[in-house]
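Just below is one structure, and these are the notes that go with it.
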Amino acid sequence: MADQAFVTLATNDNYARGAMVLGKSLRNHNTSKKLVALIGPQVSEPCQSVLKRIYDEVRVVDVLDSGDTAHLAMMKRPDLGITFTKLHCWALTHYSKCVFMDADTLVLSNIDELFDREELSAAPDPGWPDCFNSGVFVYRPSMETYGKLIQHCTEHGSFDGGDQGVLNSYFSNWATTDISKHLPFIYNLSSVAIYTYLPAFKQYGGNAKVVHFLGKTKPWSFTFDLKSKQISGNVQDATSHPTFLLDWWMLYSSAVVPMLQQQYGDQPFNSGCVECQYSEMIICESEQSFTHEPAEPQMSSEERKQKWEQGQADYMGKDSFDNIKRKLDTFLK
Ligand code: UDP
Ligand code: MN
């Protein structure tokens, strides 16, 4: 249906690369909906051109220029700049229903059935499941709602400093009122959940329809070796499942990079792909289980377990997050 659309947002070239991959993933899974990218004025010309090839509509939104309520609100709350920009998606009133998706999400199968849901439908946030995660949500564009959201945002701010805080306090009955507005977690599977509840991930993770690379380190923070199909970078920061990260890079390098190359022509640009440049840390080969030396004096694993259960984890040493994550990675393979 032409009046329904998937909508994303990218205020800079990095998030634009995410939006390109997201758009391609939606197309690859034969969505029948329109694709809309809201972009900030900082997005470069070549990136805008590529987005235009993937998306039906690419709309520059600059809350500072817009001269409307968002602009005025922005002057009072400059800290909420990107939040105001995201709320702009409610102004797309030429669509009757939309699904907003963060630019750091990747679609693994057709998700057009999301349009059967009503505003505001979203999946629980893994950190606080009585809040919804605002990386994927179903909504109805409306100038009235847009105005109210901006007003709410200006008056009450955001309890987490971003759009998720504002949206959760505005749609405050989400947790309790209507279960049909709770999207299954497979529509917004964030990488953190993999590490916090591994057995559930093993049981249900195969049904994932949308992966969300939530958190500080995004897929584009890494580099990818085209020849060996290895991802490299600061493996310490990787909270994503290596397979999903590889899915993202395979799509980006095969479908997006050639378009970027065309647009940039002879101009140099950093695609993040390297050929045959091996880094010392390669995610797909992170076989080494524990790199840290055992803490002195050495403890038996039973003693360590007891200490752990008593809340005396060796967070800076053997029980550091990096070590736990490395261990989990070996299970996940
Ligand atoms: N975003 C953006 N530019 C930024 C930060 C965020 O365009 O500098 C958009 C983008 O669509 C992104 C979304 O806002 O996916 C939410 O931010 P992010 O995904 O970084 O937050 P997280 O999901 O990690 O909490
Ligand atoms: Mn996100």
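Note that ligands are numbered from 1 as they come in the structure, with each ligand's atoms numbered from 1 the same way.
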Compute the shortest N/O to N/O distance between [X] and ligand 1 and return yes if it is under 3.5 Å, no if not.
{"X": "T8", "value": "no"}
{"X": "K86", "value": "no"}
{"X": "A103", "value": "yes"}
{"X": "L214", "value": "no"}
{"X": "F100", "value": "no"}

How far is [atom] from the closest protein heavy atom, and which atom is that?
{"atom": "atom 6 (C) of ligand 1", "value": "Y15 CZ, 3.7 Å"}
{"atom": "atom 7 (O) of ligand 1", "value": "T11 N, 2.9 Å"}
{"atom": "atom 23 (O) of ligand 1", "value": "H212 NE2, 3.0 Å"}
{"atom": "atom 11 (O) of ligand 1", "value": "L9 O, 2.6 Å"}
{"atom": "atom 8 (O) of ligand 1", "value": "I82 CD1, 3.3 Å"}

Of the side chain and backbone of D102, name the one, both, or neither that has a heavy atom under 4.0 Å from an atom of ligand 1.
->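 Both backbone and side chain of D102 come within 4.0 Å of ligand 1.
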
Hey, is D163 touching ligand 1 through its side chain, its backbone, both or neither, going by heavy atoms under 4.0 Å?
->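 Near ligand 1, D163 shows nothing, with every heavy atom at 4.0 Å or more.
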
Closer than 4.0 Å to some heavy atom of [X] - which atoms of ligand 1 meet that?
{"X": "D104", "result": "15 (O), 19 (O), 23 (O), 24 (O)"}
{"X": "N12", "result": "8 (O)"}
{"X": "A10", "result": "7 (O)"}

Presence of salt bridge, R77 and D79, under 4.0 angstrom =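 Yes, this pair counts.
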
Ion pair R140/E118, N-O distance below 4.0 Å |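 Yes.
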
Round to 10° and report the angle made at the Mn ion (ligand 2) by OD1 of D104 and NE2 of H212.
->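 Between OD1 of D104 and NE2 of H212, the angle at the Mn ion (ligand 2) is about 90°.
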
Please round to the nearest 0.5 Å and tell me the distance separating atom [atom1] of [X] and atom [atom2] of [Y].
{"X": "D104", "Y": "T8", "atom1": "CG", "atom2": "OG1", "value": "8.0 Å"}
{"X": "K148", "Y": "S142", "atom1": "NZ", "atom2": "OG", "value": "7.5 Å"}
{"X": "K33", "Y": "K97", "atom1": "NZ", "atom2": "NZ", "value": "8.5 Å"}

For the rings on Y146 and H88, is their centre-to-centre separation under 6.0 Å?
->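 Yes - the distance between ring centres of Y146 and H88 falls below the 6.0 Å cut-off.
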
ring-ring contact (aromatic ring centres under 6.0 Å, His included) with F137: which of Y187, W174, W90, F6?
->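 In the set Y187, W174, W90, F6, the residue that makes a ring-ring contact (aromatic ring centres under 6.0 Å, His included) with F137 is W90.
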
Pick out which of Y252, Y15, F213 makes a ring-ring contact (aromatic ring centres under 6.0 Å, His included) with W220.
->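 Result for ring-ring contact (aromatic ring centres under 6.0 Å, His included) with W220: Y15.
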
If you measure from each heavy atom of G135 to ligand 1, is any distance below 4.0 Å?
->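 In this structure, G135 fails to qualify as a contact of ligand 1 - no heavy atom is under 4.0 Å.
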
Decide whether the shortest distance between a heavy atom of K218 and an atom of ligand 1 is less than 4.0 Å.
->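 Under 4.0 Å: yes for K218.
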
Heavy-atom closest pair, residues A193 and P126 =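 Here A193 and P126 meet closest at CB-CB, 4.4 Å.
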
Sidechain-backbone polar pair: D112 side chain, S32 backbone, donor-acceptor under 3.5 Å |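 Such a contact is found between D112 side chain and S32 backbone.
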
Would you find a donor on one side and an acceptor on the other, under 3.5 Å apart, between the side chain of E57 and the backbone of V36?
->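 Answer holds: no.
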
Minimum-distance atom from the Mn ion (ligand 2) among N, O or S atoms of D102 =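 The closest N, O or S atom of D102 to the Mn ion (ligand 2) is OD2.
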
Does K34 make a cation-pi contact with Y95 (under 6.0 Å, within 45 degrees of the axis)?
->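 No, a cation-pi geometry is absent between K34 and Y95.
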
